[in-house]
Amino acid sequence: MSVSALYLHVPFCARKCLYCDFASWATRAGDELVVSYERALERQVADLAEAGLLGDVETAYVGGGTPSLLGERLVDLVECVGDAASPAELTCEANPESLGDDLLSSLDASCCTRLSLGIQSTSDDELALLGRAHDGRGALDRLSAACRTGLDVSCDLMCATPGQTDESWSRSLADVLACGVSHVSVYPLQIEEGTAFDRIYDEAPFNDEDVAAARMEAAAGVLVAAGMHRYEVASYARPGRECRHNRAYWEGREYLGLGTSGSGMVHREAYGRLRALCPQLPALRAGDWRVRLTVRTSRRDIAAGCGLSELAFDLEVLDEAQAAAEDLMLAARLAAGMGEALLARGRRVLGGALDEALGTAIDQGLLEEQGERLVPTGRGWLLGNELYGLLWGLAPGSVRELSV
Ligand code: SF4
């Protein structure tokens, strides 16, 4: 059995944004480390394919970091994934400062089908306060150029950031829509521990819950009025342009991740196949149902040629009840919510506690019935942590964590 999605992590960026806690390091574009890392990823993809783990892959995603920093090497990586897995959807993340016309045309001519640009804002002042490597004009120039290709184009925008006002937020939304994007993801800034923002801002009134909620609501109004639909709490798309890859995460389908901090989620059978390539992975115990794996190996060790059998992983092992609770929680992010089959499985595995939790969520206005489905309400999305906490709270015991 193969997984249905493949993720590749490219941990290099032109500079480190001040709010960023992703696995990414400021690196020069032509650095030998970048070149060796890309080659190593190609070899690992080929090894997975040879073992039959990529035969049913429907989507692939090259994320980061800043994959466009690889330049033409990104096209090599994309072609390698195309040869190994022939995904119907293949997304590359890119940032404006490293998405030149040549790279755009090469990606357009390759088996890449989708580009996701990190824009965050179109205001120069806000971008400077975020520590981004591009300005507003550069962002819009590259976004427009991407939209003129045959690729599906998405962009990320961030709200509740320093210096942002209701007006500048509306302007950023209008600016990216005017470029012709078919998909927009919107997120409130999270000030994460250990980031530069965490050190800079003792207090962050620009980032308070009410500001974030109002900006997310404003985005919903603008993007829906422009003909997009909100299919996930943070994702808007024109009809048929939803990100299939991200849906796989929220729909509990199996995926693998390569590259430093790349994550995967597999069930017993695919885990068994992966173990044949990675004997360092421990055998599962009776009752183990799902494994979440994150590659711990550093970018330098990967670039030095560390193969699949030498990768270090962090593992989380879930039993069937924990996996059922997780699937319900992830489904609550989606506009389509929880269907009959998911609810029936949840009732079988979690018993009466599920209906009690669902009843509480309905009483609190977080979920509502829509035919046979239970879907999140606007309030449910706004108070996402309460809704997701209620569903994840059904998971018995604690998830087993180990590192190899
Ligand atoms: S471009 Fe993205 S991954 Fe890179 S430092 Fe900025 S936020 Fe982090």
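When a ligand or atom number is given, it counts from 1 through the structure's own listing order.
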Got the closest protein heavy atom to atom 2 (Fe) of ligand 1, with its distance? R132 NH1, 4.0 Å
Distance under 4.0 Å to a non-hydrogen atom of Y19: what atoms of ligand 1 satisfy this? 7 (S)
Whether Q120 lies under 4.0 Å from ligand 1, heavy atom: no
Relative to the ring of F197, is the ring of Y201 parallel (under 30°), tilted (30 to 60°) or perpendicular (over 60°)? perpendicular
Tell me if the centroids of the rings in Y231 and H183 come within less than 6.0 Å of each other. yes
Under the side-chain hydrogen bond (donor to acceptor under 3.5 Å, both in side chains) test, residues paired with N385 that sit two or more places apart: none
Kindly assign one of parallel, tilted or perpendicular to the pair H245 and Y249, based on the angle between their ring planes and the thresholds 30° and 60°. perpendicular
For atom 4 (Fe) of ligand 1, state how many protein N, O or S atoms fall inside a distance shorter than 2.8 Å. 1
Residue pairs, two or more places apart or on separate chains, that pass side-chain hydrogen bond (donor to acceptor under 3.5 Å, both in side chains) and touch residues 25-34: E32-S36
Surrounding CD of E192 (heavy atoms of other residues, nucleotides or ligands, distance under 6.0 Å), is the total greater than 12? yes
What residues form a side-chain contact (heavy atoms from CB on, under 4.5 Å) with D135, not counting sequence neighbours? D124, R137
